[in-house]
Amino acid sequence: MGAIGSGATFRRNIEALKSYKLTTRLIHDVYNPDTSCDFLGVPLALPLMTAPITGAVTNMGGAIDELQYNQAVVKGSIDAGTIAFVGDGATPDKYKIGLQALNDNKGLGIPIFKPRSDNNEILKRIKAAKKAGAFAVGIDIDAIVFKTMAMKNQSVGPKSPEKLKELINAADLPFVLKGIMSPRDAETALKAGASALIVSNHGGRVLDEMLGTMDVLSDIISAVGNDIPVVVDGGFRSAVDIVKALALGAHSVLIGRPIAIAAVGKGAEGTAFYLNKMKQDLQKAMILTGCSTLKDIDQSLVVKI
Ligand SMILES: Cc1cc2nc3c(=O)[nH]c(=O)nc-3n(C[C@H](O)[C@H](O)[C@H](O)COP(=O)(O)O)c2cc1C
C-alpha cells in the first residue's frame with residue numbers, strides 16, 4: 001500500500017502533522033465530550049470517515065476480495081456511527097463493487113469516481129450511484145495520470161473549470177472534490193459548485209515531493225471560508241492527529257491504510273473496532289483539552305513548532 005517515487009510526499013504528511021503540538025486545558029467541568037457532527041446532512045458519531053481504497057487483491061495481498069473489502073468498510077463504518085467512501089479503479093466495472101456495498105447498506109457512503117476525460121462516463125456512474133441510494137458523489141481530481149488507468153485504456157485527465165461546473169450541475173447530488181492541495185484549486189472548486197472538499201495528496205501516491213496536507217490546510221480553509229466543509233487526509237493515525245486538523249478548522253478527517261488493515265484482518269468488526277477506539281481516544285483528548293463539543297476545538301489548542 002505504498003507511495004510513489006521516494007515516498008517523500010507520504011513522509012511529509014507525517015512530518016507536517018508532527019510539526020503541530022497540543023496545549024491542554026485542565027481546569028473545567030467537561031466529563032462527557034460530544035464527538036458528533038454531521039457531513040452533508042448525515043449525522044456522524046465522530047469527525048472521522050473511512051477513505052476510499054481500491055485494489056484489495058493487488059494492494060492487500062488478496063486475503064479478501066474487492067467486494068468483501070468494500071462490505072467490510074461500508075458496514076463497519078456505519079456500525080461505528082460514521083460512513084465510508086468507496087473508490088473506482090482501472091477496471092471499467094470496478095465502481096460497481098463499491099456501489100453494491102452501498103446498495104446493501106442503504107446508500108450510506110460516498111463513491112469517489114475517477115476523473116474520466118468524458119464527463120458522460122462519470123455521469124453514467126453517478127446515475128448508478130443514485131440507484132444504489134448514495135446521498136453524495138465525488139471525484140478524485142488528482143488521479144489524472146495513473147499508469148494503471150492508462151494500461152487499461154481508461155482515459156482520465158484534468159477538468160477545466162467549465163467542465164467541472166458542467167459535471168457538478170449535471171450530477172444533481174452533493175458533490176465532493178478529493179485531492180485539493182492549493183487555495184487556488186479550492187476557490188475554483190467552490191465556484192464550480194462543490195459541496196465539500198477533501199484536502200489530500202492521495203497518501204503520497206500521485207506526485208513526489210509535495211507539501212503535506214497539514215502544510216496547506218489552513219490556507220485552503222481561509223480561501224473557502226465557512227461555506228463548505230473541508231475534510232483532510234494523509235497520515236492521520238491517532239485521535240490527537242484529528243484534534244490538530246479540527247483545531248486548524250477542518251470539518252473532519254479521513255483515514256485509509258490503518259482502516260484497510262483492520263478490515264482485512266477482521267472485516268466489518270475490525271473496521272468498527274478501530275473507529276470506536278478512535279472515538280474513545282478522541283473523547284479522552286477532548287477532556288484533556290477542555291472541549292465539550294467539536295466546536296470547542298479551536299486554533300488556541302495547537303502550536304506550530
Ligand atoms: C492502496 C490504496 C488505494 C487507494 N485507492 C483510492 C481510490 O480508489 N480513490 C481515491 O480517491 N483514493 C484512493 N486512495 C487514497 C486514499 O483515499 C487516501 O487519500 C490516502 O490513502 C491517505 O490516507 P492514509 O494516509 O490514511 O492512508 C488509495 C490509497 C491506497 C493506499
Side-chain angles (χ1 to χ4, degrees), residues 1-4 7-18 48-64 66 69-70 73-74 77 83-99 101 109-116 122 125 129 136-149 152 154 156 175-181 196-207 210 212-214 216-217 231-239 241-242 245 250 252-264 271 274-275 278:
M1 284 197 273
I4 199 166
T9 302
F10 177 76
R11 284 201 307 278
R12 182 62 213 167
N13 281 340
I14 308 277
E15 287 158 12
L17 259 165
K18 297 281 173 222
L48 170 60
M49 297 176 274
T50 301
I53 286 196
T54 47
V57 176
T58 32
N59 294 315
M60 298 170 220
I64 58 175
E66 197 77 9
Y69 177 76
N70 277 278
V73 290
V74 171
S77 300
I83 59 161
F85 288 75
V86 294
D88 177 16
T91 313
D93 277 352
K94 183 154 276 177
Y95 73 99
K96 291 185 182 164
I97 300 174
L99 292 187
I110 302 179
I112 296 291
F113 299 120
K114 288 282 169 268
R116 294 162 192 281
I122 306 174
R125 287 164 173 79
V137 291
I139 55 173
D140 44 346
I141 57 164
D142 52 359
I144 46 183
V145 292
F146 273 177
K147 194 161 94 189
T148 48
M149 301 294 291
K152 300 212 172 175
Q154 299 292 300
V156 286
F175 205 100
V176 181
L177 284 183
K178 178 170 181 284
I180 301 286
M181 281 298 286
L197 304 183
I198 303 177
V199 174
S200 172
N201 52 29
H202 226 102
R205 290 166 65 85
V206 291
L207 184 67
M210 286 178 75
T213 52
M214 284 291 277
V216 297
L217 182 64
V231 181
V232 60
D233 79 11
F236 287 81
R237 297 295 177 260
S238 65
D241 288 344
I242 299 175
S252 52
V253 165
L254 301 187
I255 291 184
R257 293 168 180 95
I259 295 180
I261 292 166
V264 170
T271 304
Y274 179 92
L275 290 163
M278 289 297 258

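In each ligand, atom 1 is the first atom listed, and ligand 1 is the first ligand listed.
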For ligand 1, which atoms have a heavy atom of [X] less than 4.0 angstrom away?
X: Gly203; value: 20 (C), 22 (C)
X: Thr54; value: 3 (C), 4 (C), 5 (N), 7 (C), 8 (O)
X: Arg257; value: 21 (O), 24 (P), 25 (O), 26 (O), 27 (O), 31 (C)
X: Asp88; value: 8 (O)
X: Asn59; value: 1 (C)
X: Ile255; value: 26 (O)
X: Ile112; value: 11 (O)
X: Arg237; value: 24 (P), 25 (O), 26 (O), 27 (O)

Over all heavy atoms of both residues, which pair between Asn13 and Gly212 is shortest? Give the atoms and the distance, please. OD1-CA, 3.2 Å

Supply the atom-to-atom distance [X] [atom1] to [Y] [atom2], rounded to the nearest 0.5 angstrom.
X: Thr213; Y: Phe236; atom1: OG1; atom2: CZ; result: 5.0 Å
X: Asp140; Y: Thr54; atom1: CG; atom2: OG1; result: 8.5 Å
X: Leu17; Y: Asp241; atom1: CG; atom2: CG; result: 4.5 Å

Where's the contact between [X] and ligand 1, heavy-atom distance under 4.0 Å: side chain, backbone, both or neither?
X: Asn13; result: neither
X: Ser200; result: side chain
X: Ile53; result: both
X: Asp233; result: side chain
X: Arg205; result: side chain
X: Lys114; result: side chain

Does Glu15 pair with Lys18 as a salt bridge, N-O distance under 4.0 Å? no

Ala51 versus ligand 1: do any nitrogen or oxygen atoms come within less than 3.5 Å of each other? no

Does any N/O atom on Phe10 come nearer than 3.5 Å to any N/O atom on ligand 1? no

Would you say the side chain of Phe85 lies within less than 4.5 Å of the side chain of Lys178, judging by non-hydrogen atoms? no

Does Ile255 reach the side chain of Met278, with side-chain heavy atoms less than 4.5 Å apart? yes

Tell me which one of Gln154, Lys96, Arg116 satisfies side chain to side chain donor-acceptor pair (under 3.5 Å) with Asp88. Arg116

Under 4.0 angstrom from ligand 1, any heavy atom of Gly89? no

State whether Tyr95 and Arg125 meet the cation-pi test: NZ (Lys) or CZ (Arg) under 6.0 Å from the six-membered ring centroid, and within 45° of the perpendicular axis. yes

For a side chain to side chain contact (heavy atoms under 4.5 Å, CB included) with Ile198, tell me which candidate from Leu177, Asp142, Ile180, Leu254 qualifies. Leu254

Between Ser200 (side chain) and Asp233 (backbone), is there a donor-acceptor pair under 3.5 Å? no

Option whose closest heavy atom lies nearest to atom 23 (O) of ligand 1, chosen from Gly87, Ala90, Gly234: Gly234

